[in-house]
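This report concerns only the one structure given below.
By convention here, the first residue in the shown sequence is residue 1. Here the structure is a predicted model, which is why all the values come from computation and not from measurement. Each ligand, and each atom within it, is numbered from 1 in the order the structure gives.
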Amino acid sequence: MKALRLIFGAVFVAASIGVCAAEQPVSSANGMAVARSNACMGCHAIDRKLVGPSFQQIAEKYKGQPQASVQLEKKVKNGGAGVWGPIPMPSHPRMNDADIKTVVAWVLAGAPEK
Ligand code: HEC
């Protein structure tokens, strides 16, 4: 019985982490801080195109696509081109996954300033 309880416990914890991750409001301070400290803002602005599309354009394009965050996390990590034009986005192999998730969630939320 003890083992079973452990399993249920683990499933419950995993489920609640999942729920939190999905429902926690995006902290824009964090998302923006990650974007600033990883030089994303050198190529992206919130509301106008620079080298890359604006973060608001990106949010608009992927609105209502639940799989977009996974796809975009990979793209930020590995880089790539061809979605918005021929200019590639460089890879970010040194960013940790948590930072990538934070910044992508923030972008998909429309890159709110507060
Ligand atoms: C050297 C310039 C450059 C930097 C630095 C850069 N990007 Fe990009 N980014 C681009 C370009 C160019 C594209 C368009 C790529 C394409 O057309 O597929 C892009 C596309 C994107 C997309 C949309 C991808 C898609 O497939 O629709 C996201 C999200 C994104 N960037 C986030 C970031 C984040 C977060 C950072 C910082 C960690 C960052 N970018 C840093 C140039 C850059």
Check each N or O atom of ligand 1 against all protein N or O atoms and list the pairs under 3.5 Å, with atom names and distances to 0.1 Å, one per line.
from: ligand 1; atom 1: 7 (N); to: H44; atom 2: NE2; distance (Å): 2.8
from: ligand 1; atom 1: 9 (N); to: H44; atom 2: NE2; distance (Å): 2.8
from: ligand 1; atom 1: 17 (O); to: V83; atom 2: N; distance (Å): 3.2
from: ligand 1; atom 1: 17 (O); to: W84; atom 2: N; distance (Å): 2.5
from: ligand 1; atom 1: 17 (O); to: G85; atom 2: N; distance (Å): 3.2
from: ligand 1; atom 1: 17 (O); to: G85; atom 2: O; distance (Å): 3.4
from: ligand 1; atom 1: 18 (O); to: K75; atom 2: NZ; distance (Å): 2.6
from: ligand 1; atom 1: 18 (O); to: G82; atom 2: N; distance (Å): 3.2
from: ligand 1; atom 1: 18 (O); to: V83; atom 2: N; distance (Å): 2.9
from: ligand 1; atom 1: 26 (O); to: Y62; atom 2: OH; distance (Å): 3.4
from: ligand 1; atom 1: 26 (O); to: K75; atom 2: NZ; distance (Å): 3.0
from: ligand 1; atom 1: 27 (O); to: Y62; atom 2: OH; distance (Å): 2.5
from: ligand 1; atom 1: 27 (O); to: W84; atom 2: NE1; distance (Å): 2.8
from: ligand 1; atom 1: 31 (N); to: H44; atom 2: NE2; distance (Å): 2.8
from: ligand 1; atom 1: 40 (N); to: H44; atom 2: NE2; distance (Å): 2.8

Contacts under 3.5 angstrom, residues 89-108 side chains, donor-acceptor by atom type, not counting sequence neighbours:
from: H92; atom 1: ND1; to: V76; atom 2: O; distance (Å): 2.9
from: H92; atom 1: ND1; to: P90; atom 2: O; distance (Å): 3.3
from: N96; atom 1: OD1; to: A98; atom 2: N; distance (Å): 3.1
from: N96; atom 1: OD1; to: D99; atom 2: N; distance (Å): 2.7
from: D97; atom 1: OD1; to: K77; atom 2: NZ; distance (Å): 2.8
from: K101; atom 1: NZ; to: E73; atom 2: OE1; distance (Å): 3.3
from: T102; atom 1: OG1; to: A98; atom 2: O; distance (Å): 2.8
from: W106; atom 1: NE1; to: P112; atom 2: O; distance (Å): 3.0

How many angstroms lie between atom CD of Q56 and atom CD1 of I46, to the nearest 0.5 angstrom?
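Q56 CD to I46 CD1: 7.0 Å, rounded to 0.5 Å.
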Please table the atom pairs, donor to acceptor, closer than 3.5 Å between any side-chain atom in residues 35-45 and protein atoms at least two apart or in another chain.
from: S37; atom 1: OG; to: A33; atom 2: O; distance (Å): 2.9
from: S37; atom 1: OG; to: V34; atom 2: O; distance (Å): 3.3
from: N38; atom 1: ND2; to: V34; atom 2: O; distance (Å): 2.9
from: H44; atom 1: ND1; to: P53; atom 2: O; distance (Å): 2.7

Which ILVMFWY residues can you reach from I87 by hopping between side chains whose heavy atoms are under 4.5 Å apart?
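Its cluster mates, by chain and number, are V51.
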Considering only heavy atoms from C-beta outward, does the side chain of W84 approach that of K49 to under 4.5 Å?
no
Just by modelled atom types, is the S54 backbone N or O under 3.5 Å from a matching donor or acceptor in the Q57 side chain?
yes
